[in-house]
Enquirer: 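Sharing a structure below in structure tokens format, with a few things to ask.
Per chain, numbering begins at 1; letters A, B, ... match sequence-line order.
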There are 2 protein chains.
Amino acid sequence: MVNVGNRSGRPRAGEERLSREAILLAALRIVDAEGIDALTMRRLAATLKVNPMSLYHHLPNKAAVLAGLAELVFAELELPDPGDSVPWDEQLKDAARAYRNGLRAHPNLALQVLSDPAAVSNVVVVTMEPFYRALDRAGLAPRQIFEAANTLIDFIHGFSLGETSVRGETFELAPDLLAQVRALPEDKAPTLTRIVNELGPDGLAYDFDSGFESGLSTLVAGFAR
Amino acid sequence: MVNVGNRSGRPRAGEERLSREAILLAALRIVDAEGIDALTMRRLAATLKVNPMSLYHHLPNKAAVLAGLAELVFAELELPDPGDSVPWDEQLKDAARAYRNGLRAHPNLALQVLSDPAAVSNVVVVTMEPFYRALDRAGLAPRQIFEAANTLIDFIHGFSLGETSVRGETFELAPDLLAQVRALPEDKAPTLTRIVNELGPDGLAYDFDSGFESGLSTLVAGFAR
DNA sequence: ACCTGAACACCGTTCAAGT
DNA sequence: ACCTGAACACCGTTCAAGT
């Protein structure tokens, strides 16, 4: 492996070995492959074959790296806008599905992304047009559109949090609901116990896709009231 | 300050200076007061006037401390169950409000709590009875009850994530929506731009309480369809 | 301006030794 | 079993020095 110029000193113009973008892309690869805890400034520098301190010329600190990653994930997000060729509720659902899928593309980053107010605020501005357009077509008033969009986003965020948190964890960490309920003291939660038993093991095998669709349908019905 | 026995060696029975519970309570105080990053094993030991390594006799590692904190927060959670004296939708809303308030009690811990699958799974079992009872009274089938409860929980989680993330941050981090939208290129997001402009600065002053209520109403209407 | 090396003030955790 | 002290293998970041 040729060691192309890890001498110190300022590189000539156009020969910079780093850039904010290159650093963030390398960071994203680490996080995607090994999780958020694997991302350290030193590790990041090593994969870029650079001194750890060099990073600080492009990003002020580690928090900025994480914020930049949230930005990257949302920048990749492109909600489809089928225009008015489909009913408003399908338009809304499609946009919601695309948003969920965008978050799933980098599950190890979801927590970071969803808890970064600046990133979330920005994504609302950049990608929410299909949401607003669909809700407008549904005939809602401006205030209702605003609140409906927020409610839908909150649902997707909460859903994605659950969906991405479970991934990669051992199943011991998400113990079987049926067994847990049956271990409850008698009559501690009678309705829950009855419902869970009626559903049985098969009915409780949670499927994320159908859970998401169920939530979407409920919300659309609620908006349409 | 008297230094009561920081000699080494095993304490006599009943004179143990530590316990899992005491450690977790001390950790909770640190996190509540100074945020999750302030919690280190060394810092935690210092506030307990104990050697850092002593903690490891009660909790296997730092991850176990964080998991224990999530457990604590949810253990405090007590959803009111007014029984059948109120309509089912009020019963459901009240339980949802109580759940939200439980998460707000420790905002610095919300992220940790919501992303801990074991803790979330456990809270569902222990506190969701009012949700299930209300939805049962609404006349939903078991499968619908299960999915409705999940949808409601996801909404509350997503909402709480937004609510607690913004807290304590400088407002620069959640830039003004109106200004952001107006900075967009012409016709990038026409509907969004129109709606936001119609609402104006006052209409956009987001109020978490009314946002939560709006989401609850939408969901209840959707469940009742 | 951009990269480097040494250094500072921390981390979580292992291990051997005390009682 | 429970607590301690020293040590290991890390962190993020500051600072002075190179070009």
Enquirer: Which one of L28(A), N108(A), V65(A), L109(A) satisfies the side-chain contact (heavy atoms from CB on, under 4.5 Å) criterion with L39(A)?
Expert: V65(A)
Enquirer: Identify the nucleotide, in any strand shown, that forms a Watson-Crick or G-U wobble pair with dA9(C), with both distances under 3.5 Å; if there is none, say none.
Expert: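 dA9(C) is unpaired by these criteria.
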Enquirer: For a quick check of understanding: with a heavy-atom distance under 4.0 Å over all strands, which category does S54(B) fall into, base, sugar-phosphate or nothing?
Expert: base
Enquirer: Toward the 5' end of DNA chain C, which comes first, R42(A) or V50(A), by nearest nucleotide?
Expert: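 First, find each residue's nearest nucleotide; the 5'-ward one identifies V50(A).
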Enquirer: If each of M53(B) and A63(A) is mapped to the nucleotide of DNA chain D with the nearest heavy atom, which maps nearer the 5' terminus, i.e. the 5' end?
Expert: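 The residue whose closest nucleotide sits nearer the 5' end is M53(B).
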Enquirer: Salt bridge (Lys or Arg N to Asp or Glu O under 4.0 Å) between E213(A) and R97(A): does it pass, once the steps are laid out?
Expert: CA-CA 9 Å; E213(A) 289 301 321; R97(A) 291 178 189 119; 2.7 Å; yes
Enquirer: Establish, for the pair R100(B) and F212(B), whether the NZ or CZ atom is under 6.0 angstrom from the six-membered ring centre and no further than 45 degrees off its axis.
Expert: yes
Enquirer: In the structure shown, which nucleotide is the Watson-Crick or G-U wobble counterpart of dA17(C), with both distances under 3.5 Å?
Expert: none
Enquirer: Looking only at the side chain of L18(A) (C-beta and beyond, no hydrogens), which of the listed nucleotides dT13(D), dT13(C), dC3(C) gets closest?
Expert: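 Ranking dT13(D), dT13(C), dC3(C) by closest atom to the L18(A) side chain puts dC3(C) first.
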Enquirer: Partner lookup for dC3(C), please. Criteria are Watson-Crick or G-U wobble with both distances under 3.5 angstrom; report none if nothing qualifies.
Expert: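 With both distances under 3.5 Å required, dC3(C) matches none.
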Enquirer: Rounding to an integer number of Å, can you tell me how far Y56(A) OH sits from dC15(D) C1'?
Expert: 13 Å
Enquirer: Between dC3(C), dC11(D), dT13(C), which one does the side chain of T40(A) approach most closely?
Expert: dC11(D)
Enquirer: Of the options dA7(C), dT13(C), dG5(D), whose atoms approach the side-chain atoms of N51(B) most closely?
Expert: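 From the listed options, dG5(D) comes nearest.
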